[in-house]
Amino acid sequence: TPHTPTTTYADTTLHHTDIPGEPNEADTHHNSTYTLDCEPLHAGSEDTNTPEANAKEEAQAAFLAWAQSDRWETEDFTLAHDIDLTGIDWTPIGMYYPYFTKTFDGGGHTISGLTVNVTGDSYVGLFATIDVTATVRNPNVSGSVTGGTGITGGIAGTNDGTITGCTFTGTVTGSGRTGGIAGWNGDRDRSASLISGCSVTNATITGGERTGGIVGVLDHDGYIIGSS
């Protein structure tokens with residue numbers, strides 16, 4: 001027996017309209033038309049107009065407005081909700097001078113679906129370079145970061161400032177100095193650069209000349225504390 005697909009409908013309203021000029025008897029429907037106003041309720045669909053969904057959408061819009069403009073140069077930012085960057089070809093924050101000098105607080109939220117693909121001799125990660133005065137703390141990042149011959153990390157290409165309480169899950173791939181959190185940790189100006197309380201889990205780190213689970217290079221006055 002052929003199977004006939006069925007569709008479930010919600011919010012149905014039945015309208016009865018008599019055909020002008022034709023008799024309308026209560027016990028028959030031969031001379032009447034009925035229309036059904038409804039919208040399909042697709043299998044597996046979810047209500048996207050919920051407080052939770054709205055909060056996530058607002059948090060993502062706020063983050064993108066900050067990160068994809070020049071606002072990160074002058075403003076600190078605190079993430080208010082988990083966000084999903086799937087489908088976005090990410091440009092690392094601070095990829096071109098000036099470097100990132102402010103504070104980003106992930107609030108313990110997750111940034112999923114990160115996709116970075118930058119070739120050549122560049123600093124590559126969610127952030128490119130975290131400068132001496134900058135702090136990145138408490139984001140949980142998952143995704144894929146691919147760099148070229150430069151410096152590549154899951155959170156940052158180069159850390160000259162402070163990265164704390166961060167996690168990375170996914171893949172980091174480069175042909176230069178490569179690490180799960182940062183490709184390079186240590187300041188050019190000999191100021192202390194710190195990675196603390198960070199972890200790399202369920203990750204594949206593939207690099208070139210210097211590669212490590214947390215960092216590829218631990219340079220002058222660079223410190224790693226309580227990280228694995």
Side-chain angles (χ1 to χ4, degrees), residues 48-116 123-145 152-170 172 179-183 185 187 191-201 203 214-215 222-228:
T48 58
N49 191 27
T50 65
E52 179 76 6
N54 290 339
K56 184 173 183 177
E57 184 177 341
E58 290 172 3
Q60 180 148 327
F63 175 69
L64 293 177
W66 174 79
Q68 296 186 332
S69 68
D70 59 2
R71 287 173 50 189
W72 57 265
E73 296 180 22
T74 58
E75 299 177 13
D76 298 335
F77 187 86
T78 298
L79 193 62
H81 203 283
D82 294 348
I83 62 173
D84 186 354
L85 300 181
T86 299
I88 297 174
D89 187 11
W90 189 255
T91 299
I93 298 168
M95 185 170 177
Y96 306 104
Y97 191 83
Y99 302 135
F100 181 65
T101 62
K102 306 302 289 183
T103 295
F104 172 77
D105 189 342
H109 296 297
T110 296
I111 300 173
S112 60
L114 175 67
T115 302
V116 186
Y123 301 152
V124 181
L126 176 66
F127 292 82
T129 295
I130 297 172
D131 213 348
V132 293
T133 61
T135 297
V136 173
R137 59 173 176 251
N138 303 326
N140 302 307
V141 180
S142 65
S144 173
V145 177
T152 306
I155 302 298
T158 296
N159 177 46
D160 295 335
T162 299
I163 301 175
T164 182
C166 300
T167 68
F168 181 83
T169 300
V172 180
I181 297 297
N185 185 54
D187 175 41
S191 298
S193 304
L194 176 65
I195 293 175
S196 68
C198 294
S199 63
V200 177
T201 59
I214 299 296
V215 301
Y223 299 89
I224 300 174
I225 299 174
S227 301
S228 61

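Residues: numbered from 1 along the sequence shown. Scope of the values below: all heavy atoms of this structure, side chains included, with no hydrogens, waters or symmetry mates.
Thr169 and Thr201 are linked by a side-chain donor-acceptor pair at a separation below 3.5 angstrom, with hydrogens and angles left out of the test.
Partners of Asp105 according to the salt bridge (Lys or Arg N to Asp or Glu O under 4.0 Å) rule, which considers only residues two or more places apart in sequence or in another chain, are Arg137. Not counting sequence neighbours, the partners of Thr86 by the side-chain hydrogen bond (donor to acceptor under 3.5 Å, both in side chains) test are Asp84. Every residue two or more places apart in sequence or in another chain that forms a salt bridge (Lys or Arg N to Asp or Glu O under 4.0 Å) with Glu75 is listed here: Arg71. Listed by chain and residue number, nothing satisfies the side-chain hydrogen bond (donor to acceptor under 3.5 Å, both in side chains) test with Thr133 (two or more places apart in sequence, or in another chain). Partners of Thr164 by side-chain hydrogen bond (donor to acceptor under 3.5 Å, both in side chains), not counting sequence neighbours, listed by chain and number: Ser196. Tyr96 is linked by a side chain to side chain contact (heavy atoms under 4.5 Å, CB included) to nothing, counting only residues two or more places apart in sequence or in another chain. Residues forming a side-chain hydrogen bond (donor to acceptor under 3.5 Å, both in side chains) with Thr78 (at least two apart in sequence, or on another chain): none. Here His81 pairs with Glu52, Ala55, Lys56, Ala59 under the side chain to side chain contact (heavy atoms under 4.5 Å, CB included) rule; sequence neighbours left out. Remark: Trp72 engages Trp66, Ile93, Phe100 in a side chain to side chain contact (heavy atoms under 4.5 Å, CB included) (not counting sequence neighbours). In this structure Ser144 satisfies the side chain to side chain contact (heavy atoms under 4.5 Å, CB included) test together with Thr146, Thr171, sequence neighbours excluded.
For Ile224 against Ser227, the heavy-atom pair with the smallest separation is CG2-CB, 3.8 Å. In terms of heavy atoms, Ala67 sits closest to Trp90 at CB-CH2, 3.7 Å. Considering all non-hydrogen atoms of both residues, Pro139 and Phe104 come closest at CB-CE2, 3.9 Å. Closest heavy-atom contact between Thr74 and Lys102: O-CE, 3.5 Å. Ile181 and Ser199 get closest at one heavy-atom pair: CD1-O, 3.9 Å. Minimum interatomic distance between Ala128 and Gly94 (heavy atoms only, all atoms of both residues): CB-O, 3.3 Å.
Without hydrogens or angle criteria, Asn138 side chain to His109 main chain gives no donor-acceptor distance under 3.5 Å.
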Exercise for review: Step by step, work out the side-chain contact (heavy atoms from CB on, under 4.5 Å) result for Val141 and Phe168.
Suggested key: CA-CA 5 Å; Val141 180; Phe168 181 83; 3.9 Å; yes
Exercise for review: Applying side chain to side chain donor-acceptor pair (under 3.5 Å), run through Asn140 and Thr167 and close with a yes or a no.
Suggested key: CA-CA 5 Å; Asn140 302 307; Thr167 68; 2.8 Å; yes
Point to revise | side-chain contact (heavy atoms from CB on, under 4.5 Å) between Leu85 and Thr115, intermediate numbers included | key: CA-CA 8 Å; Leu85 300 181; Thr115 302; over 6 Å; no
Point to revise | Audit row: Cys198, Ile163, side-chain contact (heavy atoms from CB on, under 4.5 Å) steps and yes/no | key: CA-CA 8 Å; Cys198 294; Ile163 301 175; 3.9 Å; yes
Exercise for review: With side-chain contact (heavy atoms from CB on, under 4.5 Å) as the test, would you mind laying out the steps for Leu126 and Val116 before giving the verdict?
Suggested key: CA-CA 8 Å; Leu126 176 66; Val116 186; over 6 Å; no
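To the nearest 0.5 Å, the span separating CG on Asp131 from OG1 on Thr162 amounts to 11.5 Å. Rounding to the nearest 0.5 Å gives a distance of 9.5 Å between CD of Gln60 and CG of Leu79.
The side-chain heavy atoms of Ile88 and Leu64, taken from C-beta on, include a pair separated by under 4.5 Å. Here the side chains of Asp82 and Ser112 are not in contact, with every heavy-atom distance at 4.5 Å or above.
When the options Thr101, Ile130, Thr129 are evaluated for a side-chain contact (heavy atoms from CB on, under 4.5 Å) with Asp160, the one that passes is Thr129.
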